[in-house]
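This report concerns only the one structure given below.
Remember, it's 1-based here, ligands and their atoms both numbered in the order they're listed.
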Amino acid sequence: MLERYSLPEMKRLWSPEHRFQKWLELEVLACEAWADLGRIPPEAVREIRERARFDVGRIAEIEAVTRHDVIAFVSCVAENVGDAGKYLHLGLTSYDIVDTALSLLMRDALDIILQAVDGLRLLLADQARQYQDLPMVGRTHGVHAEPISLGLKFALWHAEMGRARERLEQARRMIGVGRLSGAVGTYAHLDPYVENYVCRRVGLIPAKVSTQVLQRDRHADYLAALAVTAGSLEKFATEIRHLQRTEVLEAEEGFAAGQKGSSAMPHKRNPITCERISGLARVLRGNGVAAMENISLWHERDITHSSVERIIIPDSTTLLHYMIVQFTEVLRQLQIYPEHMKQNLARTHGLIFSQRLLLALVAKGLSREEAYALVQRQAHRNWPDGDFLAALKADPAIGQYLPADEIDALCDARHYLDRMDYIFWRAGLGPAPVQYWESMIEVVAAGQGHAQAVAKGELLYEGKAKQMYLTSNPDLVWVSYKDEATAFDGLKKDTISGKGALNNRMAAHFFTLLKAAGIPTHFVRLLSPNEMLVKRVEIIPLEVIVRNIAAGSLSKRLGIEEGQALLQPAVEFCYKNDDLHDPLVTEDQIIALGWADATRLQALRSQALDINEVLRSYLDTKNLILVDFKLEFGTHKGMLILADEISPDTCRFWDRETHEKLDKDRFRRDLGGLIPAYEEVWRRISGE
Ligand code: 5GP
């Protein structure tokens with residue numbers, strides 16, 4: 001690796017001394033394993049441990065004669081160990097050591113890279129937040145499209161580096177294997193115990209099957225992950241290079257005091273670091289291809305891969321680390337020019353607002369084709385020269401629908417940033433847009449009123465808290481909330497007048513909130529104080545419980561004090577079966593029993609966590625803590641949606657200050673005052 005593109009941590013990692021140190025560690029561990037098996041005397045292992053060392057110069061001397069690096073290494077170590085040296089490398093083939101050590105080095109290299117990725121992500125998150133509302137033009141095909149914000153670009157990069165992290169971690173698992181299986185992978189002169197002992201001691205998993213080597217699809221996968229990450233960095237760097245073009249000049253790489261851009265042109269300030277990053281990404285892609293060439297070794301191995309790997313693995317890890325660190329610095333020093341962004345937004349005299357104008361005309365009653373033609377005519381007439389907005393305002397065909405002041409109001413870049421809060425929340429970069437959802441609740445509720453009339457049919461099912469009826473529409477079910485309260489799988493029972501209506505109202509409110517936040521549920525509309533219309537679903541026989549704070553059965557089962565906050569929301573699954581008391585079931589068991597496959601489980605988990613995020617942040621603004629809750633899901637026309645109810649019957653709500661229980665625990669624990677508690681929740685969420 002070229003000195004100029006190496007940073008100290010990686011240089012040390014790939015140094016000959018460090019590699020030999022790993023080899024030594026593995027050789028000694030193999031001796032320990034043999035001692036466990038009684039094949040080497042324990043005193044000999046002690047002697048080996050104490051005296052084993054190497055000298056890089058001496059290894060080179062021996063290698064000049066043997067032309068074999070591992071033999072040279074073992075001979076050098078044996079020279080230092082003395083008599084016990086004869087036990088070194090017992091039953092091993094060179095690649096038992098070389099390949100296992102390579103896995104260790106590759107794993108450790110990734111740890112250095114992952115740390116750099118984390119640093120870059122932190123900075124991207126900061127920059128995204130800082131420029132969340134700074135408008136600039138968005139470009140597709142390099143041509144002005146519609147306004148975006150600079151922060152959105154950074155948020156996108158932040159998410160992309162999150163995926164890079166996942167990909168690199170996956171590569172870390174793929175390479176986290178070792179092998180000591182002998183010359184052709186048969187353990188003919190080795191005991192699998194040795195492999196297991198050595199690998200487990202250094203944190204690797206023994207490969208299930210190997211030849212003389214670990215199979216190179218693993219290494220190719222690793223280098224592909226590096227190359228894809230480099231590709232992302234190249235994209236970011238290319239973006240900055242474009243933004244730094246003289247004609248654009250919305251951002252510029254920092255220019256250090258004393259720096260010079262050109263030997264001939266004193267004015268030059270060039271995006272050289274970004275260009276270097278773009279260039280090096282090409283090397284990583286090339287190395288990725290070379291790693292793929294290495295997959296098809298002959299028979300139980302040939303050595304064509306070895307020379308290639310001596311170059312590409314240290315080089316790619318070193319380069320990627322360097323690129324991430326360099327790009328982080330570029331971002332830290334980046335000069336931003338908001339004035340130029342503003343000028344560029346105005347450069348097309350309003351063309352970038354064409355879609356909004358088109359939609360406004362459609363809203364006024366024109367067909368889409370008519371509106372499109374009107375806007376396009378002026379757009380083309382005034383391109384590349386001319387004033388689109390002025391022409392639009394002077395066009396009587398448009399003026400009869402959109403007066404000039406409306407056109408001006410529509411052509412506001414800030415409108416395009418309205419959903420930034422939502423995107424930033426989804427990207428984990430900002431708080432939940434609760435105010436926006438709240439403002440949408442009424443809009444959504446109004447839309448729900450438009451649903452078709454249906455007639456109530458036969459009773460379909462009666463549960464503890466609800467009755468479900470068929471309707472004249474086979475896709476819809478009529479739900480009637482009962483006043484019954486039950487606990488402990490129906491052992492404790494009571495009728496509490498007014499509970500059904502309260503739960504019906506609250507469930508409708510929460511379902512509407514979720515819809516406003518973009519999450520589909522089975523709720524269609526309210527029918528009466530204690531009835532609602534829902535989509536008919538095929539119910540999945542699982543309760544999905546999400547917990548934010550320890551309480552209830554979790555506290556009881558694990559002896560954890562109620563009220564202890566969990567470090568992150570915890571999802572658990574229970575099998576819906578009253579006779580068995582809805583027992584807890586693991587994800588593996590769910591898959592093994594065929595109740596849901598891994599993909600569906602992942603979908604359940606992610607939907608439940610999304611719902612938790614919405615409810616939790618919403619309730620927080622109502623001074624309520626969402627302690628935990630239970631969800632049920634079903635499929636409607638093949639789509640997974642939230643079913644059942646969300647209410648104080650299925651959630652634990654505590655007052656934020658007093659931790660007073662405002663949910664069904666009042667009934668379960670004989671605390672009394674259930675209706676006033678439910679009314680209090682309703683009062684807070686509805687503002688009534
Ligand atoms: P836990 O497992 O602590 O008893 O309950 C966790 C959360 O899920 C609580 O908010 C509780 O109300 C809800 N939950 C769990 N199982 C059921 C159930 O069978 N019916 C209802 N209504 N809620 C449940």
Verify, without hydrogens or angle tests, whether Glu562 (side chain) and Gly552 (backbone) share a donor-acceptor contact under 3.5 angstrom. yes
N or O contacts of ligand 1 with protein under 3.5 Å, please list pair by pair.
| unit_1 | atom_1 | unit_2 | atom_2 | d |
| --- | --- | --- | --- | --- |
| ligand 1 | 2 (O) | Arg547 | NH2 | 2.8 |
| ligand 1 | 2 (O) | Ser553 | OG | 2.5 |
| ligand 1 | 3 (O) | Arg547 | NH1 | 3.1 |
| ligand 1 | 3 (O) | Arg547 | NH2 | 3.4 |
| ligand 1 | 3 (O) | Ser553 | N | 2.8 |
| ligand 1 | 3 (O) | Ser553 | OG | 3.4 |
| ligand 1 | 3 (O) | Arg652 | NH1 | 2.9 |
| ligand 1 | 10 (O) | Asp628 | O | 3.4 |
| ligand 1 | 10 (O) | Asp628 | OD1 | 2.6 |
| ligand 1 | 10 (O) | Thr650 | O | 3.4 |
| ligand 1 | 10 (O) | Arg652 | N | 3.4 |
| ligand 1 | 12 (O) | Arg668 | NH2 | 3.0 |
| ligand 1 | 16 (N) | Glu543 | OE1 | 3.4 |
| ligand 1 | 19 (O) | Glu543 | OE2 | 3.0 |
| ligand 1 | 19 (O) | Asp582 | OD2 | 3.1 |
| ligand 1 | 22 (N) | Asp649 | O | 3.1 |

Thr229: side chain to side chain donor-acceptor pair (under 3.5 Å) partners, not counting sequence neighbours: none
Other residues, nucleotides and ligands only: do more than 12 of their heavy atoms fall within 6.0 Å of CD on Glu169? yes
ring-ring contact (aromatic ring centres under 6.0 Å, His included) involving His522 - partner list, sequence neighbours excluded: Phe511
Those residues that, when tested against Tyr131, pass ring-ring contact (aromatic ring centres under 6.0 Å, His included) (two or more places apart): none
Identify which one of Arg173, Glu166, Arg172 satisfies the side-chain hydrogen bond (donor to acceptor under 3.5 Å, both in side chains) criterion when paired with Gln170. Arg173
